**Student:** 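The structure is given below, and queries will be raised subsequently.
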Number of protein chains: 2
Amino acid sequence: MEFNQLESFISVVKHKSFSKAARELFLTQPSISNNIQNLEKELGAVLLDRKGKTIALTDSGKIFYRYALELINTREQAIHSIKDHLNKIEGKIELKASSIPEQYILPYIIKDFTKIYPKVTFSIIHKNSMDIIDDILIGKESFGIVGIKCEAKMLEYINFYQDELVLATPYEKEYPKTSSNILDINILFSENFIFRKEGSGTRLFIEERLSEKNISLEDLNIISIIDSNEMIKKMIELSLGVSFISKIAIKDQETLKIIKSYKIEGLDLTRDFYFVYNKNRTLSPLVETFKDFLLNWPGLDII
Amino acid sequence: MEFNQLESFISVVKHKSFSKAARELFLTQPSISNNIQNLEKELGAVLLDRKGKTIALTDSGKIFYRYALELINTREQAIHSIKDHLNKIEGKIELKASSIPEQYILPYIIKDFTKIYPKVTFSIIHKNSMDIIDDILIGKESFGIVGIKCEAKMLEYINFYQDELVLATPYEKEYPKTSSNILDINILFSENFIFRKEGSGTRLFIEERLSEKNISLEDLNIISIIDSNEMIKKMIELSLGVSFISKIAIKDQETLKIIKSYKIEGLDLTRDFYFVYNKNRTLSPLVETFKDFLLNWPGLDII
DNA sequence: ACTTAGGATAAGTAAAATTTATAGTGATTG
DNA sequence: CAATCACTATAAATTTTACTTATCCTAAGT
């Protein structure tokens, strides 16, 4: 006994016709025939008398019809009850987030979250990754969204998104490529760089990766320190320089062919974003729900 | 939302374990995972917290659990209700039937019927097809089971089984065959025949078919008139003659290689058996049920 | 008798559920 | 604190089932 069989049966009874039921359920008439037959076979009873013109319920059919209705209705109620419950969850979540997640990831997360919990609202406050972690460590905050991982006994990290830093350049600029879009690391020394301020997760991350290759920021020709990703993108567009930036931040400019992005040979710039919280403090139920949601968040592949 | 998903969910809640649920439902653990995930996806809510050791219902899960139980229980009730109803149908059906259906078909029909209606009993009275029809026409009976069709305004026939008359011969006997098991019609004139009495449906039927070929029983060498199919079969086995007989009546003897059967070139001996009733009289509800059952009876192919 | 409408049947196709194999993740133990 | 254990998730392949298209059959109306 399956729900679609019950739906077929109910619709046939309602219309006194197999073909009309098929139309209502957007199925073909043979499907309805099959569903009814399988139902009858399973129950070991004829539910419908179909002799020529009209279709009538047998005694067994009449008995079963009530149950069929009840089952379908209960299913609807169940679905409704769940949605109703989720709809009752309300409140405001105050997120402290660093710039990349704030601008390019959180909007999608919030969209997905409020689809399930429509009554929940958000406020987002921009802070550097380091500042957020500091605030959690001194107890000023209990959670936040960051792009770096500073291990500490007190802190728990939930990785909810993986991105990659790329070298973003004006679209027209041509380079001697190693392969399709990979550049030799030495190219870096001949470029005018734009960087984020200290404390920025993106900057900290790139500094670490470069120092692994024994390159210090001092070795690069830094022409500007700017703390806005959008500003940096504009400057690149205007060919004022290049910059390391999250791939997700220049997604649109890439499809619009305004900015080009390159990987650097031998540099793994894969970067994780985290929901970080003080595991010794209890989060509010709402934030807990948000945290659980992030755990299973599928990502923004399907946009 | 499908019933198997609900069963998986309930079992997981019961055992607090996916793998135990799998064992209970004779499924594999990934199936359970899938069922739960699809359920959660459809409902847009996490039903189960599975973090490490234990599995716990979320708030949504608790709400949904009650509905899941209710749905599964209602389904059980529905099935039980139908069986219960069919079980309440009781009484005795008195069938007047001619020899072939009485001996070779009705047993299987009754077996299938009582499987659905366990409380119904049968008594079978042997009568020739013609006598049964006469009794219905004079109002002595209102229905019966016959192997011939005499059209009359009063009578309604329901064809519930199709058989074929064949020429049954001793197994050893050899004939010049037209093809695998088809004999020339002229063979008939050189055989010793055993026939049923007048009034027998089988005899009436063969007389009609032969007269279409301008052959009268007078033209055949009839050595015995016997009114028992079993007796006729025995006589054939003992090589005392041959006879036209229903294929179903010699099924066992054919597989035992005691009797061989042949078709006759140009003679269509396909034969129908009918539930015949007086359409001006109302049948008892029980007989009506039996009649409806015969309408959809699948036949005895699957023995 | 002829046409029409509705249901049954059969064969082919699409969609699902399920399985096998494997990876990943907390809890437990030496 | 690594190593194992117990359990769930994931991926790919398989089987099952639901569904569709095409066709047939029967009953009712012309």
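The chains referred to below are lettered A, B, ... by the order of the sequence lines, with proteins before strands, and numbering in each begins at 1. Note that the structure is a prediction, hence the values are computed from the model and not measured.
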**Student:** When the distance from CD of B:E156 to P of D:dA27 is rounded to whole Å, what number comes out?
**Tutor:**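 It is 9 Å, rounded to the nearest whole Å.
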
**Student:** With sugar-phosphate meaning primed atoms plus P, OP1 and OP2, does A:L27 contact a base, only sugar-phosphate, or nothing at under 4.0 Å between heavy atoms?
**Tutor:**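 Sugar-phosphate contact only - A:L27 comes under 4.0 Å of backbone atoms but never of a base.
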
**Student:** From CG of B:D49 over to C1' of D:dT8, roughly how many Å is that when rounded to an integer?
**Tutor:**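 Between C1' of D:dT8 and CG of B:D49: 14 Å.
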
**Student:** A:F3 vs B:F3 aromatic rings, parallel, tilted or perpendicular, using cut-offs 30° and 60°?
**Tutor:**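 Parallel, since the angle between the ring planes stays under 30°.
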
**Student:** Once you measure the plane-to-plane angle for A:F273 and A:F160, does it fall in the parallel (<30°), tilted (30-60°) or perpendicular (>60°) bin?
**Tutor:**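 It falls in the tilted class, 30° to 60°.
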
**Student:** Can you check whether A:I148's main-chain N or O pairs, donor with acceptor, with A:R271's side chain at less than 3.5 Å?
**Tutor:**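 No, A:R271 side chain to A:I148 backbone: no donor-acceptor pair under 3.5 Å.
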
**Student:** If only atom types and distance count, is the side chain of B:E208 paired as donor or acceptor with the main-chain N or O of B:F205 below 3.5 Å?
**Tutor:**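 Not confirmed, B:E208 side chain does not pair with B:F205 backbone.
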
**Student:** Report yes if a side-chain nitrogen or oxygen of A:S17 is closer than 4.0 Å to either non-bridging phosphate oxygen (OP1 or OP2) of C:dG7; otherwise report no.
**Tutor:**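 Indeed, a polar side-chain atom of A:S17 lies that close.
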
**Student:** Give a yes/no answer on whether the side chain of A:S31 brings an N or O atom under 4.0 Å of OP1 or OP2 in D:dT20.
**Tutor:**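 Looking at the OP1 and OP2 atoms of D:dT20, one of them is under 4.0 Å from a side-chain N or O of A:S31.
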
**Student:** Rounded to the nearest Å, what distance is computed from the OH atom of residue B:Y157 to the P atom of nucleotide D:dT26?
**Tutor:**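 Between P of D:dT26 and OH of B:Y157: 18 Å.
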
**Student:** Atom pairs under 3.5 Å, N or O on each side, protein against nucleotides 12-15 of chain C: can you list them with distances?
**Tutor:**
none

**Student:** Grab the CD1-C1' distance between A:I36 and C:dG7 for me, whole Å please.
**Tutor:**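 One finds 12 Å between C1' of C:dG7 and CD1 of A:I36, rounded.
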
**Student:** Under 4.0 angstrom, heavy atoms only, what part of the nucleic acid is A:T28 near: base, sugar-phosphate, or nothing?
**Tutor:**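 Base contact.
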
**Student:** Measuring to OP1 and OP2 of C:dG6, would you say a side-chain N or O of A:R50 lies under 4.0 angstrom away?
**Tutor:**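 Answer no for this pair, as no side-chain N or O of A:R50 is under 4.0 Å from OP1 or OP2.
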
**Student:** Once you apply a heavy-atom cut-off of 4.0 Å, does B:S19 come out as touching a base, just sugar-phosphate, or nothing?
**Tutor:**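 Since only primed, P, OP1 and OP2 atoms lie under 4.0 Å of B:S19, the category is sugar-phosphate.
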
**Student:** How about A:R66: does its CZ atom have over 12 heavy atoms from other parts shown lying under 6.0 Å from it?
**Tutor:**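 Count not over threshold, so no.
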
**Student:** Once you round it to whole Å, what is the distance between P of D:dA27 and CD1 of A:I55?
**Tutor:**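 In whole Å, D:dA27 P and A:I55 CD1 are 14 Å from each other.
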
**Student:** Does any N or O in the side chain of A:E42 come within less than 3.5 Å of the main-chain N or O of A:M1, such that one atom is a donor and the other an acceptor?
**Tutor:**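 Indeed, once roles are kept as given, a pair shorter than 3.5 Å links the two residues.
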
**Student:** I'd like to know if the side chain of A:E40 reaches the main chain of A:L48, judged simply by a donor and an acceptor atom lying under 3.5 Å from each other, with no hydrogens or angles considered.
**Tutor:**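 Yes; at least one donor-acceptor contact below 3.5 Å.
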
**Student:** Whole angstrom is fine here: how far is it from CD in B:Q37 over to P in C:dT18?
**Tutor:**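 Rounded to the whole Å, the gap is 14 Å.
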
**Student:** So which one's nearest nucleotide on DNA chain D is more toward 5', B:Q29 or A:F26?
**Tutor:**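 Looking at the nearest nucleotide for each, B:Q29 comes out on the 5' side.
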
**Student:** Measure from NZ on A:K16 to P on D:dA27 and round the result to the nearest Å.
**Tutor:**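 My rounded result for the distance is 21 Å.
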
**Student:** Atom CG of A:L48 to atom P of C:dG7: distance rounded to whole Å?
**Tutor:**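 About 10 Å, once rounded to whole Å.
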
**Student:** Can you check each nucleotide of nucleotides 11-18 of chain D against protein heavy atoms at under 4.0 Å and return B for base, S for sugar-phosphate only, - for none, in 5' to 3' order?
**Tutor:** -------S

**Student:** Using only atom types and a distance under 3.5 Å, with no angle test, would you say the side chain of B:S8 pairs donor to acceptor with the backbone of B:N35?
**Tutor:**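 No.
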
**Student:** Ring-plane angle category for B:F275 and B:F143, please: parallel below 30°, perpendicular beyond 60°, tilted otherwise.
**Tutor:**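 Parallel: the ring planes of B:F275 and B:F143 meet at under 30°.
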
**Student:** Closer than 3.5 angstrom, by distance alone: can the side chain of A:K291 be matched with the main-chain N or O of A:L283 as a donor-acceptor pair?
**Tutor:**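 No: the side chain of A:K291 does not pair with the backbone of A:L283.
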
